[in-house]
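Have a look at the structure below, then the notes.
On a predicted model such as this, the values are computed, not experimentally measured, just so you know. All values below come from the heavy atoms of this structure, side chains included, with hydrogens, waters and symmetry mates left out.
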Amino acid sequence: SWERSFNILCLMMGLLFGSSLVSSLSATMVEVQMRGRDRAQKLNMLRRYLMENDVDKKMALQVQRQVIERLSQRDRLTEDDVVVLGMLSPSLRQDLHAEICQPYLLAHPLLRTWASMDVAWFRKFCSIAVETTFVRAKDEVFVAGSAASSAYCIVAGRCYYLQEPETSAVEEATTTEVEECSWICESVLWAEWTHVGTAEAATHLQMLCLKPDSFWEAMRSHIVINAIASEYGQSYHKRIVAAKPPHASFPTDLEVPFTDHGDLVCSMTHELQERIGDLALNCMEQT
């Protein structure tokens, strides 16, 4: 009868659903056990290392606490983690990288000008000059007194910028909180720069990183943009050198006095000013 057929159908569906659920739970439990075993092996190896090197108990406890805390955190994926990205064509991967970087880079007036001048070049620029880097909470991005190697734009997270009288031109220790979309150490793109403060991650940080050599490699591939960058950089460098009391405060990794984008553009040749002005007007008309 149809009732018997319906009961048989329900039993079969229940059996299939139950077996699928049990299989899924079993796979999850196995994965959790494997993670727990891997975590235990790492901690045992750390304890053995600390014991073999006679590390002080207080220091060993601090090390183990931080390792346990970080083992429980879930790191954000990088391009290297996503293996299948290697299957993309170079042009599509370049476009994907630019798509991820552009919203943050375009917050800088100079980079926004370049993107308006040549969209294709700007995508290539992102591929050549811009990398993504991650910093764990409480780790240093850079330390006062060290030679600067990159400029940074914060994509996600916060950091603290610390200056001490021993390493910086300040009378007392100062701490500045740096928010998302802020630029740090832009000066390294235009001058030889030594950090005058320490940047420490307050939370897990994701940042865009621009290295000077790659930055200028990209500039040289476009005549007009290279000309703008050269004049912009010369003016920026002059302001770094001139920034000192009593007329201005000393430059820091966060700010150089009188380097507002408008002021720097006004110091360029009349021809470049006209080109930048035309681009600005076109952007205003489009919006």
Side-chain angles (χ1 to χ4, degrees), residues 73 75-81 96-115 122-164 167-168 174-219 229 232-233 236-237 239-240 243 249-257 259-261 264:
Q73 294 174 350
D75 294 334
R76 297 189 62 157
L77 292 174
T78 66
E79 288 187 11
D80 294 335
D81 295 327
L96 175 62
H97 182 68
E99 186 72 21
I100 294 170
C101 298
Q102 274 189 168
Y104 306 99
L105 296 177
L106 296 183
H108 193 295
L110 180 64
L111 300 182
R112 189 164 60 247
T113 299
W114 293 345
F122 194 76
R123 287 184 173 273
K124 184 179 178 182
F125 164 79
C126 291
S127 176
I128 295 174
V130 184
E131 300 176 1
T132 302
T133 185
F134 297 89
V135 182
R136 293 179 182 271
K138 299 180 182 179
D139 280 0
E140 293 89 2
V141 180
F142 53 77
V143 178
S146 61
S149 60
S150 304
Y152 305 95
C153 176
I154 298 180
V155 172
R158 295 176 296 107
C159 74
Y160 293 119
Y161 181 68
L162 313 142
Q163 286 190 289
E164 302 281 352
T167 54
S168 308
T174 60
T175 301
T176 305
E177 186 172 337
V178 188
E179 302 285 348
E180 292 182 8
C181 296
S182 299
W183 282 84
I184 305 176
C185 199
E186 183 185 346
S187 300
V188 73
L189 300 176
W190 317 111
E192 294 288 335
W193 183 259
T194 299
H195 294 298
V196 292
T198 297
E200 180 182 293
T203 63
H204 192 79
L205 277 181
Q206 178 182 357
M207 300 186 296
L208 298 181
C209 172
L210 284 75
K211 295 187 180 297
D213 291 344
S214 302
F215 180 84
W216 283 103
E217 178 187 346
M219 294 304 105
Y232 188 98
Y236 201 105
H237 184 270
R239 284 160 170 76
I240 293 175
S249 58
F250 285 110
T252 70
D253 297 285
L254 302 183
E255 183 182 11
V256 176
T259 54
D260 179 76
H261 179 70
L264 292 170

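- Partners of Glu186 under the side chain to side chain donor-acceptor pair (under 3.5 Å) rule, at least two apart in sequence or in another chain, are His108, Trp190.
- Within the 4.5 Å cutoff, no side-chain heavy atoms of Tyr161 are placed close to those of Glu200.
- Listed for the Asp253 side chain is a donor-acceptor partner under 3.5 Å among the backbone atoms of Gly197.
- Note: Ile128 CD1 to Glu217 CD = 5.5 Å, rounded to the nearest 0.5 Å.
- In this structure, Phe142 and Glu140 have side chains that are not in contact, with every pair of non-hydrogen atoms separated by 4.5 Å or more.
- Phe122 places a side-chain heavy atom less than 4.5 Å from the side chain of Leu111.
- Atom NE2 in His97 sits 7.5 Å away from atom CD in Glu131 (nearest 0.5 Å).
- Annotation: the span from Leu162 atom CG to Thr176 atom OG1 amounts to 8.0 Å, rounded to 0.5 Å.
- Between Leu264 and Arg239, the closest side-chain pair of non-hydrogen atoms falls below 4.5 Å.
- Partners of Trp114 under the side chain to side chain donor-acceptor pair (under 3.5 Å) rule, at least two apart in sequence or in another chain, do not exist in this structure.
- At a threshold of 4.5 Å between non-hydrogen side-chain atoms, the residues Cys209 and Val130 do not count as touching.
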Per-pair distances, 0.1 Å, donor-acceptor, side chain in residues 146-158, under 3.5 Å, sequence neighbours excluded:
unit_1: Ser146; atom_1: OG; unit_2: Val143; atom_2: O; d: 2.6
unit_1: Ser150; atom_1: OG; unit_2: Lys211; atom_2: NZ; d: 3.1
unit_1: Arg158; atom_1: NH1; unit_2: Glu177; atom_2: OE2; d: 3.0

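- Side chains of Trp193 and Pro251 form a contact here, defined as non-hydrogen atoms less than 4.5 Å apart.
- The side chain to side chain contact (heavy atoms under 4.5 Å, CB included) check on His261 picks up Pro109, Leu110, Thr113, Tyr232, Val265, with sequence neighbours excluded.
- In this structure, CD in Glu180 is found 9.0 Å from CG in Leu205, a value given to the nearest 0.5 Å.
- When side chains are defined from C-beta on, Tyr236 counts as touching Val256, because their heavy atoms get closer than 4.5 Å.
- Considering only residues two or more places apart in sequence or on other chains, His204 meets the side chain to side chain donor-acceptor pair (under 3.5 Å) condition with none of them.
- Leu254 contributes atom CG, which lies 9.0 Å from atom SG of Cys185 (distance to the nearest 0.5 angstrom).
- Considering every non-hydrogen atom in both Met219 and Ala229, the closest pair reads SD-CB, 3.7 Å.
- Contact record, Thr198 with Ala144: OG1-N, 3.1 Å, taken as the closest heavy-atom pair.
- The closest side-chain heavy-atom distance from Ile100 to Cys126 is not below 4.5 Å.
- Taking each heavy atom of Trp216 and Leu189 in turn, the nearest pair found is NE1-O, 3.1 Å.
- Between Ala243 and Pro257 the shortest heavy-atom distance is CB-CD, 3.8 Å.
- Atom CD of residue Glu192 and atom CD1 of residue Ile240 lie 10.5 Å apart, to the nearest 0.5 angstrom.
- Taking Trp183 as the reference, nothing meets the side chain to side chain donor-acceptor pair (under 3.5 Å) condition, with sequence neighbours excluded.
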